[in-house]
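Working notes, beginning with the structure itself.
Labels below follow one simple rule: chain letters A, B, ... track the order of the sequence lines, proteins then strands, and each chain is numbered from 1. Treat the numbers as computed from the prediction; the structure is a model and nothing was measured.
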Amino acid sequence: MHDQYLAATIASPRGGKPNRREVSLTASVSSSPESLAPRRWIAHLDMDAFFASVELLKYPELRGEAVVIGGGRLQQPVLQPDGTRQFARMRDYVGRGVVTTSTYAARAFGVFSAMGIMKAARLAPDSILLPADFEAYREYSTRFKQAVANLAPVIQNVGIDEIYIDLSEHGDGAPAFAARLKAAVFDATGLSCSIGLAPNKLLAKICSDLEKPDGLTILHPEDIATRVWPLPAKKINGIGPKATAKLAAMGIVTIGELAQADLGMLRTQFGDLYTGWLHQAALGIDDRPVQTSRETKSVSRETTFERDLQVVRDRAVLSEKLESLCTRVAGDLDKHALAGRTVGIKLRFEDFSTVTRDITLPSATADAAAILRATRDCLRRVPFEKKIRLLGVRISTLCDPSQSTRQAPAQAELFPAL
DNA sequence: TCTGGGGTCCTAGGACCC
DNA sequence: TCTGGGGTCCTAGGACCC
């Protein structure tokens, strides 16, 4: 009977939201209950407090301390004449940064990712504040992923510190194999990770979080009611703050409550596709494969100013920032051997409202000057009544740069020049 | 005490084609 | 003459994730 969880149907792409094409497969598959997919074992491997743990390798004297990692613009530790290091303290911070991550000791004070550093400083004023060192994190990321890849080839990159691994071929040996992976990651990096092992990605992701840090959590389909249903619905990857609030307003807090919710009631809030996905997710159903590669869809750069800027008075600074962002986007395109046709800007104002404008060019480009010209076209369409907090540049509709001078599809040329 | 930066995907309306 | 329906592209905004 549990095979419904394995053979099940709905799929949710990255971000957790339903995808029209995949959902349309649902009816045909679920209407034939005898169609049994082979049992899958999917592991979700999540490094424990990754950035903070890398920092502790760099600065072992901080082990056990409450340490917070902020953005890259923060003050570096200062080496003293006596050989010890002087670290910045949270209470001395002034600015607009947010917490990237924190050690478990800092989390005990209530300091978590995405919190403003100023707010975090009030909760833990004596905590140590370190700048993010992405070069080091990328280095350790490569190491742990390579260590896993040496043993298990079917890997999906999720971010710098997370992967999914398809361990189906190991059958009953999958749990023991997952333990081997943990050991291999530790050998390669000196860092611990947590692994969730389950019949699909959705459940594996939930599981890896259940026994953090240094956990290995195995979930069988028959455990869903006891181990998954009591958890808050927001533990499902794809149910964020907005959906959580809407669910709570309907009296739905746990995954179990969501599983039993009336679909008609859910539909009044969410629409057909998301409703269907919510229901299946609550039942632990997820058929998405482990995807070993994906193509880049967009490239962007953005920056938040240290103070809000005025269009007229700060025109020179804004122009300079815009040009710099375009140059960086062009550099990223070059690095990835890509060009793009749709150039867009993003503005966030002092009241945190955000607008975007974009324009699709007749042919793809990777040239900073061409990107800059396009962003200026976009900027002309923005009403400037408020001070600007953030400026961003994005390029999408990407292709191979060898096609960048090629004419766009005939249809696009029919549009009047803007 | 206001909230970074780099992404993906979905929705929805209008233009346009067949 | 009037109506319509499917499909694709473009644009803007928003939810969500790490």
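Mapped onto DNA chain B by nearest heavy atom, A:Gly97 and A:Glu295 fall at different nucleotides, with A:Gly97 at the one closer to the 5' end. Between A:Arg328 and A:Arg122, the residue anchored closer to the 5' end of DNA chain B is A:Arg122, taking for each the nucleotide with the nearest heavy atom.
The side chain of A:Ser113 contributes no N or O atom lying less than 4.0 Å from OP1 or OP2 of C:dC18. For C:dA15, neither phosphate oxygen OP1 nor OP2 lies less than 4.0 angstrom from any side-chain nitrogen or oxygen of A:Lys234. Checking the phosphate oxygens (OP1, OP2) of B:dT3, a side-chain nitrogen or oxygen of A:Arg389 falls inside 4.0 Å. Contact check, A:Arg341 against C:dC10: a side-chain N or O comes under 4.0 Å of OP1 or OP2. OP1 or OP2 of B:dG6 lies within a sub-4.0 Å distance of a side-chain N or O belonging to A:Arg301. Not one side-chain nitrogen or oxygen of A:Asn157 sits closer than 4.0 Å to the OP1 or OP2 atom of C:dC18. OP1 and OP2 of C:dG13 both lie 4.0 Å or more from every side-chain N or O belonging to A:Thr354.
Distance OH (A:Tyr140) to P (C:dC18): 24 Å, rounded to an integer number of Å. Whole-Å rounding puts the A:Arg96 CZ to B:dT3 P distance at 6 Å. The CZ atom of A:Phe270 sits 13 Å away from the C1' atom of C:dC16 (whole-angstrom rounding). In this structure, A:Leu391 atom CG and B:dG4 atom P are separated by 14 Å, rounded to whole Å. Protein atom CD1 of A:Ile236 is 18 Å distant from nucleotide atom C1' of C:dC18, rounded to whole Å. The CZ-C1' distance, from A:Arg348 to B:dT3, rounds to 8 Å in whole Å. Going from atom CG of A:Leu338 over to atom C1' of B:dG7 covers 14 Å, rounded to whole Å. Computed from coordinates, the A:Ile345 CD1 to C:dG13 P distance equals 10 Å when rounded to whole Å.
Listed candidates were B:dG6, C:dC16, B:dG5. Nearest to the side chain of A:Thr303 is B:dG5. Taking the side chain of A:Glu162 as heavy atoms from C-beta on, and the options B:dT8, C:dC18, B:dG5, the nearest nucleotide is C:dC18. Across B:dT8, B:dG6, C:dT11, the shortest atom-to-atom separation from the side chain of A:Arg394 is found for B:dT8. Closest contact between the side chain of A:Val299 and the listed nucleotides C:dC18, B:dG4, B:dG7 involves B:dG7. Listed nucleotides C:dC16, B:dT1, B:dG7 differ in distance to A:Ser300; the shortest reach to its side chain belongs to B:dG7. When the nucleotides C:dC10, B:dG7, C:dG13 are ranked by their closest atom to the side chain of A:Thr356, C:dG13 comes out on top. If you check C:dA12, C:dC16, B:dT8 against the side chain of A:Lys297, the one that comes closest is B:dT8. When distances run from any side-chain atom of A:Arg294 to the nucleotides B:dG6, B:dC9, B:dT3, the shortest one goes to B:dC9. Of the candidates C:dT11, C:dC16, B:dG6, C:dT11 carries the atom nearest the A:Arg381 side chain, counting heavy atoms from C-beta on. For A:Asp358, whose side chain is taken as the heavy atoms from C-beta onward, the closest listed nucleotide among C:dA15, C:dT11, B:dT8 is C:dT11.
B:dC18 and C:dG5 make up a base pair, with Watson-Crick or G-U wobble contacts both under 3.5 Å.
The pair A:Arg227-A:Glu211 meets the salt-bridge criterion, with a side-chain N (NZ, NE, NH1 or NH2) lying under 4.0 Å from an Asp/Glu carboxylate O. Of the charged side-chain nitrogens involved, none lies within less than 4.0 Å of a carboxylate oxygen, so that A:Lys386 and A:Asp308 do not count as a salt-bridged pair.
Note on A:Lys346: nothing from the nucleic acid sits closer than 4.0 angstrom, heavy atoms only. As judged by a 4.0 angstrom heavy-atom cut-off over every strand, A:Ala243 is placed among residues touching the sugar-phosphate backbone only.
Contact annotation: the side chain of A:Asp126 approaches that of A:Arg91 to within less than 4.5 Å [non-hydrogen atoms, C-beta and beyond]. Taking 4.5 Å as the limit, every side-chain heavy atom of A:Phe51 sits out of range of all side-chain heavy atoms of A:Val67.
Note: A:Tyr164 and A:His44 have tilted aromatic rings, judged against thresholds of 30 and 60 degrees for the angle between ring planes.
Glycosidic conformation at B:dC2 (O4'-C1'-N9-C4 for purines, O4'-C1'-N1-C2 for pyrimidines): syn, within 90° of 0.
The side-chain ring of A:Phe352 is not stacked on the base of B:dC2, judged by centre separation under 5.5 angstrom and plane angle under 30 degrees.
The salt bridge (Lys or Arg N to Asp or Glu O under 4.0 Å) contacts involving residues 107-124 of chain A comprise nothing, where partners must be two or more places apart or lie in separate chains.
Checking A:Leu181, A:Ile160, A:Thr189 one by one against A:Phe144, the side-chain contact (heavy atoms from CB on, under 4.5 Å) holds for a single residue, A:Thr189.
Comparing the same atom, P, in C:dC17 and in B:dT3 gives a spacing of 22 Å after rounding to whole Å.
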